[in-house]
Amino acid sequence: MTTILVLGATGMTGRPLVELLLGRGHELRVIVRARHKLPATVLEHPKLTLVEASVLDLSDEAMAARVKDCDAVVSCLGHVLDFKGMFGQPRGLCTDAVRRFCKAIEANGAALPVKFILMNTVGVPNPDCGEMRPWFERLVLTLLRHAMPPHRDNETAAAYLHRHIGRNNKHIEWCSVRPDSLIDAEVSPYGIAASPTTGIFSGRPTTRSNVAHFMAELIANPELWNTWKFRMPVIMNTGE
Ligand SMILES: NC(=O)c1ccc[n+]([C@@H]2O[C@H](COP(=O)([O-])OP(=O)(O)OC[C@H]3O[C@@H](n4cnc5c(N)ncnc54)[C@H](OP(=O)(O)O)[C@@H]3O)[C@@H](O)[C@H]2O)c1
């Protein structure tokens, strides 16, 4: 039996992920601000445990209890794209959640490493791959970093896993999944690459259900996990 904690479960990617994981028979834990945003089929599912709270309001002890005996934690958190969500608090939503849940996992001292999957963005480069962007993209990303707190938050969340947790943590293995521009549609053919294969502003879109599907596969398929752990795979639709 696999037990998974999903953060951001009410989001546009979190919801299809939760439905997929429950459909596959996993034990699921979620922490949501508003339970009414989840469908009744999810809320009434016998394998769902729900805590209603704003995730960063939880104490360290409550976070440790949420991740105890979990095999995987998936963060689909993202800032609400309105003025308050982008420029208000918590500016470090994704980073603080990654940092505090990683500390909670370490505090529990699980015998086997917990898989930590972060939904990130192709706008964040992978420092291991020498991803040198054209000058125009570098300029736009620098402007985004300074003008848009959510972009900076995505960068620091990925950097926490990459630099702080690294590859030798006894309790945590991680993967930062980097979609291109997100769209909503059914699961469709998609491709995974170590680095962007097109310019990040001219790449193919990525369907949120495809991101959910890839993250569920990372949890279920040990070979896939071994391929992509400690890496930052880019996911893009490949169909027409
Ligand atoms: N938009 C794009 O094209 C794009 C492209 C690549 C990557 N991404 C990244 O992908 C991630 C997820 O995207 P998405 O579109 O699936 O996100 P989304 O639909 O906006 O969902 C965000 C989730 O985060 C939660 N959340 C937001 N603010 C919160 C707060 N202050 N405290 C607690 N929870 C909070 C939301 O809860 P509520 O339902 O309660 O608000 C929701 O569950 C984001 O990090 C985003 O940056 C986006």
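All ligand and atom numbering here is 1-based and tracks the order in the structure.
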(request) Treating Ile, Leu, Val, Met, Phe, Trp and Tyr as nodes and any side-chain heavy-atom pair under 4.5 angstrom as an edge, say whether Phe230 and Met232 lie in one connected cluster. (result)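 Yes, same cluster.
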
(request) Answer with yes or no whether the side chains of Asn237 and Thr207 bring together a donor and an acceptor at under 3.5 Å. (result) yes

(request) Verify the distance criterion only: is there a donor paired with an acceptor across the side chains of Asn108 and His171 at less than 3.5 Å? (result)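 No, no side-chain donor-acceptor pair sits under 3.5 Å.
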
(request) Write down, by chain and number, every protein residue that brings a non-hydrogen atom to less than 4.0 Å from an atom of ligand 1. (result) Gly8, Thr10, Gly11, Met12, Thr13, Arg33, Lys37, Ser54, Val55, Cys76, Leu77, Gly78, Val80, Pro90, Leu93, Met119, Asn120, Thr121, Asn154, Pro179, Asp180, Ser181, Leu182, Arg208

(message) Can you pull out every side chain to side chain donor-acceptor pair (under 3.5 Å) where at least one residue sits in residues 7-26? Sequence neighbours excluded, please.
(response)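 Counting only pairs at least two positions apart or across chains, the side chain to side chain donor-acceptor pair (under 3.5 Å) contacts touching residues 7-26 are Arg24-Glu217.
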
(request) If the plane angle is over 60° it's perpendicular, under 30° parallel, otherwise tilted; pick one for Phe83 and Phe87. (result) tilted

(message) Between Arg100 and Asp60, does the salt bridge (charged side-chain N to carboxylate O under 4.0 Å, His left out) criterion hold? Intermediate values first, please.
(response) CA-CA 7 Å; Arg100 291 188 58 204; Asp60 292 347; 2.9 Å; yes

